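Note sheet for the following structure.
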4 protein chains.
Amino acid sequence: MPGRTLLFIPGPTNVPDEFLRAMDRAMEDHRGSHFPAFVHGILHDLKSVFGTTAGRAFVFAASGSAMWDAALVNTLDVGDRVLAVRKGQFSTLFADAAVRLGYRVDTIDVEWGEATPPDAVEAALRADTAHGIKAVLMVHNETATGVTSDVAAIRRAIDAAGHPSLLFVDGVSSIASLRFELDAWGVDAAITGSQKGFMLPPGLGLLCLSPKALARVPHATSPRAFFDLRALSASNDTGYFPYTPPLPLLHGLRASLDRILADGMPAIIARHHRHAEAVRAAVAAWGLPLVAARPEIVSDTVTAVRVPEGISSATVMDIAARRYNVALGSGLARLSGKVFRIGHLGAIDDWMIVGGLGAVEMALTDAGVALTLGSGVAAAADILRRTAPPLPSPIA
Amino acid sequence: MPGRTLLFIPGPTNVPDEFLRAMDRAMEDHRGSHFPAFVHGILHDLKSVFGTTAGRAFVFAASGSAMWDAALVNTLDVGDRVLAVRKGQFSTLFADAAVRLGYRVDTIDVEWGEATPPDAVEAALRADTAHGIKAVLMVHNETATGVTSDVAAIRRAIDAAGHPSLLFVDGVSSIASLRFELDAWGVDAAITGSQKGFMLPPGLGLLCLSPKALARVPHATSPRAFFDLRALSASNDTGYFPYTPPLPLLHGLRASLDRILADGMPAIIARHHRHAEAVRAAVAAWGLPLVAARPEIVSDTVTAVRVPEGISSATVMDIAARRYNVALGSGLARLSGKVFRIGHLGAIDDWMIVGGLGAVEMALTDAGVALTLGSGVAAAADILRRTAPPLPSPIA
Amino acid sequence: MPGRTLLFIPGPTNVPDEFLRAMDRAMEDHRGSHFPAFVHGILHDLKSVFGTTAGRAFVFAASGSAMWDAALVNTLDVGDRVLAVRKGQFSTLFADAAVRLGYRVDTIDVEWGEATPPDAVEAALRADTAHGIKAVLMVHNETATGVTSDVAAIRRAIDAAGHPSLLFVDGVSSIASLRFELDAWGVDAAITGSQKGFMLPPGLGLLCLSPKALARVPHATSPRAFFDLRALSASNDTGYFPYTPPLPLLHGLRASLDRILADGMPAIIARHHRHAEAVRAAVAAWGLPLVAARPEIVSDTVTAVRVPEGISSATVMDIAARRYNVALGSGLARLSGKVFRIGHLGAIDDWMIVGGLGAVEMALTDAGVALTLGSGVAAAADILRRTAPPLPSPIA
Amino acid sequence: MPGRTLLFIPGPTNVPDEFLRAMDRAMEDHRGSHFPAFVHGILHDLKSVFGTTAGRAFVFAASGSAMWDAALVNTLDVGDRVLAVRKGQFSTLFADAAVRLGYRVDTIDVEWGEATPPDAVEAALRADTAHGIKAVLMVHNETATGVTSDVAAIRRAIDAAGHPSLLFVDGVSSIASLRFELDAWGVDAAITGSQKGFMLPPGLGLLCLSPKALARVPHATSPRAFFDLRALSASNDTGYFPYTPPLPLLHGLRASLDRILADGMPAIIARHHRHAEAVRAAVAAWGLPLVAARPEIVSDTVTAVRVPEGISSATVMDIAARRYNVALGSGLARLSGKVFRIGHLGAIDDWMIVGGLGAVEMALTDAGVALTLGSGVAAAADILRRTAPPLPSPIA
């Protein structure tokens, strides 16, 4: 292909060139005297993206999903019980990680396409009169279904049940893109990675703990070494890491935080909403249903689209990738072959949204889906231009 | 802007990442023993892009337009007479360069939007019975108007007039994108730069001379030092340059030639035609006229579009750039304010064409041009998907 | 500083520009159809650097030390007993990780500066008649002391004791630099990271298991999720990862493996020995003692040097870093202030060795160490030029 | 070679990584509204490096030597007479360029190794009572011989002769490294390129004219097109270029100017002197003579060294390059085989100077030159450490 692949997937997202440049550098002495100011600055600024002043942020050389481990093993005792809500592939894997780490996992299962149900969580916790459940595990934005849940409502449900449970939230595909408020929402562990809203390559796990969760760290009996926050926080206190940290990604994170702070989360949230509205308008124009069960819970970072009976979403994706150089996300697990997903988060402009949707239209048509070419793009363009921010002078 | 600017201008064009990487390197000793093989390889492979086996290619640290100087001063005597056809801004500047270099310049002027007229050239040369005209100067693809002329027809016109004139062709916006055949078309000097079809940053002037033109070099009396091909060719013969050459761009040129040779010019030419057809279909759907006077002469690398009376093309461009992150070319000189230009050459994929056209549609609408949003994109998408190359298995 | 820092530390090492370029790239779809061939190629070629055909290699988004966790939790049962030899900071931390992961750890402690003692290992295993010890943990090249142990001798000791124990070897600062033979030496788990002999940034943990260790993976009862090789190997079998892998580093690893395979491990091993000899000659010329207790066990990747009484090694390091732009390794834990370490592994040339040693000489002098300026460099240069490979023609 | 080549040549010099990163970027619209502020900033800041407030600076996509053309054709009339001093290869080529551009060139020839002689210049101008000589051409720092001339003395000589001649100075290997004062020294045209003191890749010609020279531009009758400052200055006035400028190098120049302004020319000049002193001390310790005839005229950017009879400098250079990865400059023209040159300008640190000198020592020894290994390095290290700037706290 002569040009450049559009990553219309929910991660890794398109990395801005300036972040690539920030990472493209010779190694440095990670024990040098210049390093602590650099580390402290990152860890400080990271907190604001998690929406916390009271909590503490950590950076690991790891995947985002490794932060499931980090959150659990640093706060729970061996054999502890947790409550996990399963509503898609990633919430299922989060629950599964807890099982594999040796915890007893109660599950609430909802239809894939539904959000985390506050009432069911409340009921489960009310039933746990012995307060055996130590943590509720939820995914904020289920990347497999394109559904965003109401985290604050889950905290309210826990509190309404009079239950002391911690609240652990996977925000891999939401944090730094959607609104996230660790302090205000009563989240105890927030989990993400570098390769989505932070617009960086994968390779960093990012974790933020509330004071309540931090207070558990010295006492939790779960075995841990690499993930042990006792060692990491002691080292971070001095501005260093207990191991050689992934230097290029730390510099990328510095660049990412600089941009996020400069843009401000409100503008970033608004941008994601605007792009999501455009994508959803295109999907509606094509006459294709979303996986998300209800409009109130659609995600502003990823849109999961069902293809008509008799058409394989794998065919659509293959055509989009190989013929039009646009990468789409696949349907996962039980949605395999029936769904494709559009990731519209991170470093993406209006023209890229329009170009990506145009390629999807062409690929759908090529794959035999009956639709009017241009219909989706027109619907998206209409939203984009009506909601485009006013231009500062010289041209209003 | 969160994402990436689309360069929908006729140069500099989008540079493939792999070319950027080839250029992002430490300096080297340009007098080292490894250097001659590198230089000879570039100069050899460059010839094939010019369509020559008999001629010789040269690379300068210079702009593409500097090759006007290089062609003229190495082949002409002080005070020589040339014939220049002016049909747009760049052909006008080419003629002007000849004047400023001290040559006597006869001009044929045609409407901006027309091609180089073989009959007028033939007539002018027939009238020059004393054979005072030493060279005909033409622009192959007039970037200001989006018009491609028939170079072979001009050579036939010269020959039909029984005139010994050399033929100098500016191929800045055609070579490496459109068909170009120095040998077959009887071109004596072909002129281009790095920043268009070669998909590189600006900074290299590329020149190719026929044996007939080369034979003039030792005898031409025009003063020259930097541009003197006697020094350059002697140095190139040994694999070096008479000055420190622009090393990153030479490595970029190596990468570019590797890709051009791997793709093959026929495939590259076909790709440019396909994208141009899509762009022109969009413009037709918008109901906007081209600058090009006739369909037979439209350019496959740049499309110049007239905006309606009462609308300034500068407004359209400003909106496209600042609101949608798409850069368009302006109308030049007498076309200023009346025309915008779309560059659709180089490293560009179908989804980028669609996204760029979508942005232009939005910008036109914002600027007050009445059109149906989605109409241009639909027309372009229809052409693109019908002409997309068949996919190799696994999906046909 | 106007120039470039010399990383004369034992990691991260200097990254070759071509590896930086291989990593400086846009993200890609890690679920794309092109990905399996890429992953399988890396995992295959990695085995040869570990010296195995029978084993299996794994790549994690993690630090090198995280592979301590990965090796232990995938092969041991909860509460299993291991035998760890402590002889420096890193072997101490390896043992500590086993403790923190919940295993019972028997330790053999030797002087810092000594190697792993085969006789003591054999004795400990002979005493374990119940075969309660499941694994012996050792560090091949103790980075804190600059001492290389004989891995094969430890395997022979285990076998001589008639003991079925597994042998786990931390090769963080040896693998890809020094000779390492997983198959031939009877190693069951070999552990390293990307930032030393592989000449890459930190961020990849690399693990290789013998068939015997692999056979434990399905049965080991230790809790694990991120580190679970069942999930990773199933995913790797299909050419993918269970999470979004660190794409830039994978491309860097591809470039690194390409170079390692092209150079060949014998040449790489010889190069490290030659540079180490030069460094040791300089240290001897300065009259400073090594931490390594005996010449037979000196490391060819890192040299730990004692400073005279009354001089702080921190002062020497600070001067070298801030005045001469050369980063040295510090003395760790009980060696703090008394020792500095020179890392001479990875992408380093003779002139860099000489320049680094020259800077150390200057810094030592500045810090008050009495030595003859030039003495160390002269001794090193003498070795380097006498052992330099013969030049191919044109100059012999 | 595993590591990195040391460019110990007088250009191209080692490019700092941050400059490479500044140049490693996607193309942009060079007609965009953001561009004028960028261009004006560069052209303004460039003046301070030339030492002028009254003059005007220009940037060309060209080699440094192309600025010979630019200076001459924009200020002289056809057939004008100039006086050129020849004292090495580059001053000879400067004079030759003037000849090839059609001017009448009077020459003063001095021994290679001598400086531009003020008395001879004064005498020649006194003899030109008709004031036919329009410009004196000199090279400030003759790169072939490692000799720096006194520019102010030449201006005084011109003035002492009561002659109105312009003074044109090639500062290719001096400007941005050595003291240069266009205004204070009465220079009318200063000529340089990007690849030496500016620490950038080659590809930019940099020119600065005095008001007196600028006043000639509209009237000079020499033919010129690409080099025509009338077009360039008109375009620059609006913040643009008459052609597509070499965008990566402009961004590199921005980074270079930022660093030069931050460091300050006095510190840069002092650094070059300190490194030059170290190199000369090493050469003296080896017992090898300089090409420079007298200590007062030695260059602080390049040192030209004679090898003993019976030894070819080409052999020394070949060994240094292929065995030790250090590139040296060759002896040029009449100095071929007899001389090698060390470039010690640009982005180079003390440890690189020491490492480079160590490699030269080894190469000289390998080539059969009798010297004491370590002697040169010791002499250089002694100077470097005694002249190293004091460290700010924590270590004094």
Side-chain angles (χ1 to χ4, degrees), chain A residues 1-6 8 14 16-17 20-21 24 199 259 263 268 271 285 314-315 318-320 322-326 346-363 365-367 372-382 384-385 388-392 394-395, chain B residues 1-6 8 14 16-17 20-21 24 199 259 263 268 271 285 314-315 318-320 322-326 346-363 365-367 372-382 384-385 388-392 394-395:
Chain A
M1 290 279 188
R4 161 175 277 258
T5 302
L6 176 65
F8 226 25
N14 302 285
D17 285 357
L20 287 177
R21 286 201 297 272
D24 176 35
M199 301 168 283
R259 187 191 275 200
D263 289 352
I268 292 169
R271 170 160 59 83
T315 304
D318 182 76
I319 294 172
R322 293 201 291 142
R323 183 169 276 160
Y324 303 117
N325 215 2
V326 171
I348 200 161
D349 288 320
D350 290 9
W351 76 267
M352 299 164 82
I353 294 283
V354 169
L357 292 172
V360 174
E361 277 191 8
M362 294 192 280
T365 305
D366 293 355
T372 304
L373 261 187
S375 61
V377 165
D382 185 55
L384 290 173
R385 63 163 296 272
L391 284 182
I395 303 284
Chain B
M1 291 278 188
R4 162 176 276 258
T5 302
L6 175 65
F8 225 26
N14 302 284
D17 285 357
L20 286 178
R21 287 201 296 274
D24 177 34
M199 301 169 282
R259 186 190 276 199
D263 290 351
I268 291 168
R271 170 161 58 83
T315 304
D318 182 76
I319 295 172
R322 292 200 292 142
R323 184 169 276 159
Y324 302 117
N325 215 2
V326 170
I348 201 161
D349 287 321
D350 289 10
W351 75 267
M352 299 165 83
I353 294 282
V354 169
L357 292 172
V360 173
E361 276 190 9
M362 293 193 281
T365 305
D366 292 354
T372 304
L373 263 186
S375 60
V377 165
D382 185 56
L384 290 173
R385 66 163 294 272
L391 286 180
I395 304 284

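So you know, we letter chains A, B, ... as the sequences are listed, proteins then strands, and number each from 1. Given the structure is predicted, the values throughout are model-derived calculations rather than measurements.
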Practice task
Measure across Gly3(B) and Met352(A) and return the closest heavy-atom pair with its distance rounded to 0.1 Å.
Solution key: CA-SD, 4.3 Å
Problem - Region of Thr365(A) that comes under 4.5 Å of a non-hydrogen atom in chain B - result: both
Handout entry: Shortest non-hydrogen contact from Arg259(B) toward Pro2(A)
Key = NH1-O, 2.9 Å
Exercise for the section: Please determine, among Val354(B), Ile268(B), Thr5(B), the option with the most heavy-atom pairs under 4.5 Å with chain A. Expected result: Val354(B)
Handout entry: Student check: side-chain heavy atoms of Glu361(A) and Val377(B) closer than 4.5 Å
Key = no
Handout entry: Backbone N/O of Val360(B) and side chain of Trp351(A): donor-acceptor pair under 3.5 Å
Key = no
Problem - Top contributor to chain B interface from Leu384(A), Leu373(A), Asp382(A) [non-hydrogen pairs under 4.5 Å] - result: Leu373(A)
Problem - Interatomic spacing from OH in Tyr324(B) to CD1 in Ile353(A) - rounded to 0.5 Å - result: 13.5 Å
Handout entry: Check: Arg385(B) main-chain N/O paired with Arg323(A) side-chain donor or acceptor under 3.5 Å
Key = no
Practice task
Could you tell me which portion of Asp263(A) (side chain, backbone, both or neither) has an atom closer than 4.5 angstrom to a non-hydrogen atom of chain B?
Solution key: neither
Practice task
Please state whether the side chain, the backbone, both or neither of Ile348(B) comes within less than 4.5 Å of a heavy atom of chain A.
Solution key: backbone
Exercise for the section: Give, as side chain, backbone, both or neither, the part of Asp24(B) having an atom under 4.5 angstrom from any heavy atom of chain A. Expected result: side chain
Fill in the blank from the handout: Okay, Thr372(B) and chain A: the region with an atom under 4.5 Å from a heavy atom over there is neither
Problem - Non-hydrogen side-chain atoms of Leu20(A) and Asp17(B) separated by less than 4.5 Å - result: no
Practice task
Examine whether an atom of Asn14(A) lies under 4.5 Å from a heavy atom of chain B, and if so say whether it belongs to the side chain, the backbone or both; otherwise answer neither.
Solution key: neither
Handout entry: Side chain to side chain, Asp366(A) and Leu391(B), heavy atoms closer than 4.5 Å
Key = no
Practice task
Provide the closest heavy-atom pair for Gly374(B) versus Ala378(A) in the form atom of the first, atom of the second, distance.
Solution key: CA-CB, 3.8 Å
Exercise for the section: Could you tell me whether a side-chain N or O of Arg4(A) sits under 3.5 Å from a main-chain N or O of Ala347(B), the two making a donor and an acceptor? Expected result: no
